[in-house]
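Take a look at the structure set out below.
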Amino acid sequence: MAPDWEDALQDAIHEPDPALAEAKIRAAEAAIFRRIDGFSNVLDPKEQQALFDALGAIRILKSARRL
C-alpha cells in the first residue's frame, strides 16, 4: 500500500481540472512535508530520495500551472 504522500502526489499529477489541480498540488506538498517532518533520526534512503524527487515533481507542476 502506498504512503499517503504518494497517493496525494498521484492525485495532483493526474488532475486535469485546473480549478482542482491547485488544491491537490498544495495537498500533496503538505503531505510530503508532513512525512519529511515525521522522519526519525534513522532515514530510509530510498524513501528519502523518493520524497525529494516528489518535491521536484511538485515544483514542476507548480511551474507548469504557474501556481
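Keep in mind that this is a model prediction, so the values were computed, not measured.
Considering every non-hydrogen atom in both I36 and F52, the closest pair reads CD1-CE2, 4.4 Å. Pairing each heavy atom of L9 with each of A57, the nearest pair is CD1-CB, 4.4 Å.
A side-chain hydrogen bond (donor to acceptor under 3.5 Å, both in side chains) with E29 is found for exactly one of K62, K24, R59, R34, namely K62.
Annotation: the span from L61 atom CG to E22 atom CD amounts to 12.0 Å, rounded to 0.5 Å. Taken from CD1 in I32 to CG in D53, the straight-line distance is 10.0 Å, to the nearest 0.5 Å. Note that the CD atom of E6 and the CG atom of L51 stand 8.0 Å from one another [nearest 0.5 Å].
Under the 4.5 Å side-chain heavy-atom criterion for grouping Ile, Leu, Val, Met, Phe, Trp and Tyr, F33 is connected to I13 within one hydrophobic cluster.
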(message) Between D7 and Q10, does the side-chain contact (heavy atoms from CB on, under 4.5 Å) criterion hold? Intermediate values first, please.
(response) CA-CA 5 Å; D7 291 337; Q10 289 301 314; 5.8 Å; no
